[in-house]
Amino acid sequence: MTSPASGTDTAAALLDYAPVPRSALGPALNDQGYYVGRVERNLYWVTDGSYQSAFLTTKDGVVLFDAPPSIGGNIRRAVDEIASANGVSNKVTHLVYSHHHADHAGASSLFDKNVIRIGHEETKRLLLRDNDPARPAPQETFADRRTLKIGGERIELAWRGPNHSPDNIFIHFPDHDALMLIDIVNSGWAPISISNLSEDIPGYVAAPAIALDYPWKHFMGGHVTRLGTRDDVTLHQQYMADIDASVRKALVSVDPTPFFQKYGDNPWAAVSALFDAWTDAGAAPVIEKYTGVLAAADVYTRSTVFWVMESIRLDLGFASYVHP
Ligand SMILES: [Zn+2]
């Protein structure tokens, strides 16, 4: 018998997965559960091992990029630690939102209401819609591009169309050789459920090439335990390209006819079994190729394959059948 109270039974029923490759691991966390490190010069990143945010210390104060609630109060501690070590102001003056999602912005309200919040105009619309007191809407917005000059530092914001979310932006630090692009590439790791829970798969698939068009050396993807490199973004691109090719092959090689014959007057049973068959066929070679290369490829590839398959069918019309 398994009950909610018997954690051991639940744990025994959980699946085992391939070990996490060493290449996926980042620095150890401190006793308070965070790590703060220098990206370049006065640009720093903070992680709790799952989420990442970043900040710039400037002569006029600190500019924060995202406030994930899982890091929460440790963002403040990380800023204080770096500011006091370098003898600069720890006053957070600006907060830039990468996108509206609560898991990257939900600690925004820990910071003063006078902090200037900046985001895409769609981020503002969505935050006003969602009306979450933890995420005040940005007062300053932009449509396509905006250059921030704060305390002598330059930050380039750009919206290049929907991808993971409708409002997700590219944050380029031209004087720090760094790019922040959240929820697209998890450096060293496979994307989580359905392509990092992405709403627009063609945009999600195109985003890494846009990222690589910028000059940078350090990549902040918003997740997991370490910073990324250009090689991480290229490897992710290859993974998504392999999924695309594998899905197209599965869609034309698995015959739908027997599924509909078997389930007769229950078309949803046929569709469900057919989707499973397409997904399994598409995922198998990708899981085999990337296990040990990208952490959790065996955990999450199937979910991403399913979502990419639906986009290839529905957005691109691949293998679409027109009744004669
Ligand atoms: Zn998100």
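Both ligands and their constituent atoms are indexed starting at 1 by order of listing.
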### Donor-acceptor contact below 3.5 Å, side chain Asn90 vs main chain Val79
no

### Message
If the cut-off is 2.8 Å, does any N/O/S atom of His104 fall short of it from the Zn ion (ligand 1)?
### Response
no

### Message
For the aromatic rings, using the six-membered ring if either is Trp, is the centroid distance between Phe55 and Trp45 under 6.0 Å?
### Response
no

#### Entry: Residue Asp103, metal the Zn ion (ligand 1), N/O/S under 2.8 Å
no

### Query
Between His218 and Glu40, is any side-chain donor less than 3.5 angstrom from a side-chain acceptor?
yes

### Closest Asp183 atom to the Zn ion (ligand 1) [N, O or S only]
OD2

### Query
Salt bridge or not for Glu140 and Arg146, using N-O below 4.0 Å?
yes

## Note on the structure
the Zn ion (ligand 1) -> His101, closest N, O or S atom is ND1

### Message
Nearest N/O/S atom of His99 with respect to the Zn ion (ligand 1), by atom name, please.
### Response
NE2

### Query
Salt bridge between Lys124 and Glu121, side-chain N to carboxylate O under 4.0 Å?
no

